[in-house]
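Lettering follows sequence order; numbering is per chain, from 1. Quantities reported herein were computed from a predicted structural model and do not represent experimental measurements.
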Amino acid sequence: MSTGPRYRFAPSPTGMFHVGGARTALHNWALARQSGGTFVLRIEDTDEVRNRPEWTAGIIDALAWLGISADDPHFEGPLFQSEYAAAHLEAANRLFESGHAYYCDMTPDEIQDRAKAEGTTGYGGWSRDRGLGPAPGSVLRFKVPEGTTVVHDLVRGDVEFDHAVIEDFVLVRGNGTPVFILANVVDDMSMGITNVVRAEEHLPNTPKQQMLWQALGHEPPVWAHVPVLVNEQRKKLSKRRDKVALEQYRDEGFLADAMVNYLMTLGWSPGEQEIQPWSVMEQSFRLDDVNLSPAFFDLKKLAAFNGEYIRRLSVDELVDACDPWLPAEWDRAVFREMAPHIQPRLNTLADAPGVVDFLFLDEPDIDDDSWSKTMTTEYAQPLLADAIGAFETCAWDAATIKATLEDVMGRYDLKLGKAQAPVRVAVTGRTVGPPLFEALEVMGRDESLRRMRNALDRL
RNA sequence: GCCCCCAUCGUCUAGUGGCCUAGGACACCACCCUUUCAAGGUGGCGGCACGGGUUCGAAUCCCGUUGGGGGUGCCA
C-alpha cells in the first residue's frame, strides 16, 4: 500500500451514477495517482430506504468504465459505510462524554413551534443545559461553540463561517442511527483520509465537519470544493430532471475516453489543446487551476468530443466498439468493409447501425420524402434503366462503378451529385448515407441490380 | 429570510497589472473541397455584468451594485 496522500470518493448508492460524481471521482483519481497516493472508494450506504444494491454495482461498473478500478494499486475499496456503524456510534458517545454533544428529546414539530413562538428559525440549542441522557427518540446534537471556523480550501481559499449561524446539528437520530455528517467524518478519520475533494454543495457542511474532526482530537484534512455541474437553466444537475446517468451515456454509444476528456474540461482546462489523453491530464490536473463557477454540462460539446474520439479509432477498434450496437445476425465482415466509410459520420457508436442497415436488410427501407424528391424527375427512370444495363457487365469495384455511372450520366447532361441520387435511393432507401459506390461494391452486383430493378418497376 | 460561493464570447475555457485592437474549443453562419451526408480546410459572428476607486497603466487588485448558484433536514 502507498504511503502518499489519501483521497476518497464517497458516493451514496441512491440512483444511477451521476456525471457530476464521475467528474469528482476523476479529480480524486488524478490527484491520487499523480501524488503516488491512494484513492479510497467508500460507498455511503446508510440511507436504508433509498439504498439499493444494484446502484452500488452500478457505481463500481461506471468507475471501471472510466478507468478507475481495483486493477490499479492506487485504488482501495470498495469500503461500505454500513459496516462501520459501531465506530460512528462510538464516536458519538465520546462526543457526549467529552461534553461536545448533548441529547435532546424535542420532536421536529416541537422545535418548529418553539421557533415560531420565539420568532426565530431552526433549533435554538434549547436542550443544551438540560442534562438529558440517551433515551429512545432523543437525538444527539453537537454543541457548536462560540467563535468562527475558517476552512482552508484549495480551490476557494479561506472561507470563514460564524458559529452564530450554525445551529446545534444532529449527530445521531432518534432511532439511534448516525447522520451523514458524523459518519462521513468518522470514516474519513478511521480510513486515514488526508484530502477531501468534493462538490461545492458540501462547502456549508465543512465547518461542521471540521469542528467534529477537532472535537474528536484530529487535524482536519485538506479540503477542496469544486464547482457543481449545471443544466441549461443553470441549476445543479439533478437526477430527477436532467440526463445525468453515466450508464445512459455509455449505452448511447459514448466512448469512455471522450467522456473522461470532456468531463475534465468542465471547470478546468488541459491547456491550448483540449483533446488530451488521460495520461497527460492525470499528471497536469491541479486544484489551484480549477475554476470557481458552475459549469454547464453541454451535450453538444460532449458529442463533438465523442465524434473526434471515434475518428481517432483504428478500423479494428471501431468495429469492436460498435459490436454491441449491431444486431447479432449482421455479418461482421460486411460491416468491417463499410466501417472506414461510416467513421467520420458517427457522433456516437449507437449511430452505426442506422447508417449501414440497408446492407443487411432484405429490402431497403424506402423513405417517402427521399423517393419523391429523387424519383419524380424526368431523368430518373431512363437513367436508372441505363445504369442497370451498364452495371450488368462492368467490373465490380467502387472506382469502376463510379466511372460507369459517369459514363451513363453524360447522356443526360447531369452532374454526379444529381445522377447518383436515384441509384442511392433505389439501393439504400435514402438520399443521405455513406459513399454510394463503395456501398455498392460491398453489397455486390446481384443485390444492387435487384434493388435497382425493383425501384424501376415502381416508377 | 439568513449564511456561503461565484461573475471573460450563447456554452466550456486561456488570461494571475503592461505581451489583450482579450487567445482556443463547441455551437452558429459563409466559402472551399466533394459522390449525398459527414469529415476536412479557410473565414466570419460574438465576451471582460455595471459603477466607483488604487495605479503611469486593470479582464487581472479593492469597495459597492446587480445578477447567478449552493446551503439552510432526525437526506447524502
A:F180 side-chain proximity, nearest of B:C12, B:A76, B:U13: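 Nearest to the side-chain atoms of A:F180, counting from C-beta on, is B:A76.
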Nearest-nucleotide pick for A:K300, side chain only, options being B:A27, B:G70, B:C3: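 Minimum distance to the A:K300 side chain belongs to B:A27.
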With a 4.0 Å limit, can you tell me whether [X] has a side-chain N or O closer than that to the phosphate oxygens OP1/OP2 of [N]?
| X | N | result |
| --- | --- | --- |
| A:R430 | B:A38 | no |
| A:K235 | B:G69 | yes |
| A:N205 | B:C75 | no |
| A:K415 | B:U36 | no |
| A:R156 | B:C4 | no |

Sugar-phosphate only, base, or nothing, as touched by [X] at under 4.0 Å among non-hydrogen atoms:
| X | result |
| --- | --- |
| A:H225 | nothing |
| A:L266 | sugar-phosphate |
| A:P227 | nothing |
| A:D162 | nothing |
| A:V139 | base |
| A:R234 | sugar-phosphate |
| A:A421 | nothing |
| A:M106 | base |
| A:E201 | sugar-phosphate |
| A:T431 | base |
| A:E167 | nothing |
| A:G307 | nothing |
| A:F437 | base |

Searching all strands shown, indicate the nucleotide that pairs with [N] (Watson-Crick or G-U wobble; both distances under 3.5 Å).
| N | result |
| --- | --- |
| B:G67 | B:C6 |
| B:A25 | B:U11 |
| B:U60 | none |
| B:U42 | B:A30 |

Distance in Å, A:T46 OG1 paired with A:E83 CD, rounded so as to fall on 0.5 Å steps: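 Result: 12.5 Å between the selected atoms.
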Gap between atoms CE and P, on A:M338 and B:C37 respectively (whole Å):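 After rounding, the gap between these two atoms is 16 Å.
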Passing option when A:T149 is tested against A:E160, A:Q214, A:Q209, A:H163 for side-chain hydrogen bond (donor to acceptor under 3.5 Å, both in side chains):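 Among A:E160, A:Q214, A:Q209, A:H163, the one meeting side-chain hydrogen bond (donor to acceptor under 3.5 Å, both in side chains) with A:T149 is A:H163.
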A:Y379/A:Y412 aromatic ring centres below 6.0 Å: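 That pair fails the under 6.0 Å test.
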Validation row, ring centre A:F96 to ring centre A:Y103 under 6.0 Å: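 Here the rings of A:Y103 and A:F96 have centres that are less than 6.0 Å from each other.
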Short side-chain donor-acceptor distance under 3.5 Å, A:T404 and A:D407: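 No, because no side-chain N or O of A:D407 sits under 3.5 Å from a partner of the opposite role on A:T404.
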Flag for A:S127-A:R130: side-chain donor and acceptor within less than 3.5 Å: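 A:S127 and A:R130 do have a side-chain donor-acceptor pair below 3.5 Å.
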Base B:A25 to side chain A:K301, donor-acceptor N/O within 3.5 Å cut-off: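 Answer yes: a donor N or O sits under 3.5 Å from an acceptor.
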Base B:A27 paired with A:D298 side chain (donor-acceptor, <3.5 Å):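 In this structure, the two groups form no donor-acceptor pair.
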